[in-house]
Structure formats: C-alpha cells, structure tokens
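In what follows, a structure is listed as structure tokens, so that the remarks can point back to it.
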Amino acid sequence: QVPLVESGGGSVQAGGSLRLSCAAPGYIGKSWCMGWFRQAPGKEREGVASIFTIGDGTNYSDSVKGRVTISLDKSKDTVHLELSSLKPEDTAKYYCAAAISKDYCHVIWPAGFDYWGQGIQVTVSA
C-alpha cells in the first residue's frame, strides 16, 4: 500500500496562510472520506476537516471553521487543506488520513480513519 504523503508545511507568522497537500494515490477511489488532523505536543490528535469523496460534502472543527478549506483534486489523487488567518495555537503536526467507512466523517473522529500519513509540521509564530 502506497502511503499517504503530506507536503506544504512550514513556519509562518500569525495571520499568514499555508496550503497543505496530501498525495493519496489509490485512496480517494476506495475511501468514503478523507480528513486532516493535527496534534500539538502534549495534546490529543484532533480532527480539523474532512470531505466525502462522493458528493464532496465538507466538515470542519469549530476551532478552524471559517479559516480552513479542504478540497479534493480527484484527477491528481490529492487532498488539499488551505489554512488562513493562522494563529499560534494552530501550531501542530498535521496529518492526512483516509476512512473506508463514512460513519465518522461528520465528526472527524481519528479512530474512524484507517490510513494515515506521517504528518507534517506547521509552526505559527506570534
């Protein structure tokens, strides 16, 4: 199984923007849902955004709603996460994930996702 691979992370000042990408060859076609998660040091992994692979319905956590956009590029087997108006509290390692089931897509629950990338760091300075 080819792994999910995140890219586009880095360091940015507060108020800035980043675009994360996840190369997901073969996953979008066999998964009901693709998601982005993040984990800061000492904290649990939390859902950020998710998107149904059929219909493209999206879901966002309250902490990022209005500042984040998730999208699919099915022609390139890629999932994007646009981050804007970044805050220092957005600093975390961001993970891409795929879910075979659609059951937990709405709530972006980590345990409901089956395949994970290695993650990529996003650091926001004040």
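Residue numbers start at 1 and run along the sequence shown. Predicted model only: the values in this text are computed from it and were never measured.
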Heavy-atom donor-acceptor pair, [X] side chain to [Y] backbone, under 3.5 Å:
X      : Y      : answer
Lys102 : Thr53  : no
Glu6   : Gly119 : yes
Ser84  : Ser17  : no

At their closest point, which heavy atom of [X] faces which heavy atom of [Y], and how far apart are they?
X      : Y     : value
Ile28  : Leu72 : CD1-CD2, 3.9 Å
Gly10  : Leu18 : O-CD1, 4.0 Å
Val68  : Ala49 : CG1-CB, 4.4 Å
Ala92  : Ala40 : CB-N, 3.9 Å
Pro110 : Arg45 : CG-O, 3.7 Å

**Asked** If you draw a 6.0 Å radius around OH in Tyr104, do more than 12 non-hydrogen atoms from other residues or ligands fall strictly inside?
**Response** no
**Asked** Just wondering, more than 12 heavy atoms not from Lys76 lying within 6.0 Å of its NZ?
**Response** no
**Message:** Are Thr91 and Gln121 packed together at the side-chain level, in the sense that at least one heavy-atom pair is separated by less than 4.5 angstrom?
**Reply:** yes
**Test side-chain contact (heavy atoms from CB on, under 4.5 Å) applied to Glu46 and Val64, step by step** = CA-CA 11 Å; Glu46 64 168 340; Val64 301; over 6 Å; no
**Prompt:** Is the cationic atom of Lys30 (NZ for Lys, CZ for Arg) positioned less than 6.0 Å from the six-membered ring centroid of Tyr27 and within 45 degrees of its normal?
**Reply:** yes
**Request:** Tell me whether Tyr95 is reachable from Ile100 by hopping between hydrophobic residues (I, L, V, M, F, W, Y) whose side-chain heavy atoms are closer than 4.5 Å.
**Result:** no
**Prompt:** Do the side chains of Leu83 and Val12 join up, straight or via other hydrophobic residues, at under 4.5 Å, putting them in one cluster?
**Reply:** yes
Rounded to the nearest 0.5 Å, how far does [atom2] of [Y] lie from [atom1] of [X]?
X      : Y      : atom1 : atom2 : answer
Ser21  : Asp73  : OG    : CG    : 9.0 Å
Thr58  : Phe52  : OG1   : CZ    : 9.5 Å
Leu20  : Arg38  : CG    : CZ    : 11.0 Å
Ile51  : Tyr60  : CD1   : OH    : 7.0 Å
Thr123 : Leu86  : OG1   : CG    : 10.5 Å
Trp109 : Asp103 : CH2   : CG    : 10.5 Å

**Message:** I need the single residue from Trp36, Trp116, Phe113, Phe37 that forms a side-chain contact (heavy atoms from CB on, under 4.5 Å) with Cys96. Which is it?
**Reply:** Trp36
**Message:** Consider side-chain contact (heavy atoms from CB on, under 4.5 Å). Of Ile70, Asn59, Ile108, Leu81, which one does Val48 pass it with?
**Reply:** Leu81
**Message:** According to disulfide (SG to SG under 2.5 Å), does anything in residues 29-63 pair up with another residue at least two apart or in another chain? List the pairs.
**Reply:** Cys33-Cys105
**Request:** Could you give me the CA-CA distance, side-chain angles and deciding distance for Ser63 and Glu89, then say whether side-chain contact (heavy atoms from CB on, under 4.5 Å) is met?
**Result:** CA-CA 10 Å; Ser63 62; Glu89 51 263 44; over 6 Å; no
**Message:** If the threshold is 4.0 Å, N to carboxylate O, is there a salt bridge linking Asp90 and Lys87?
**Reply:** no
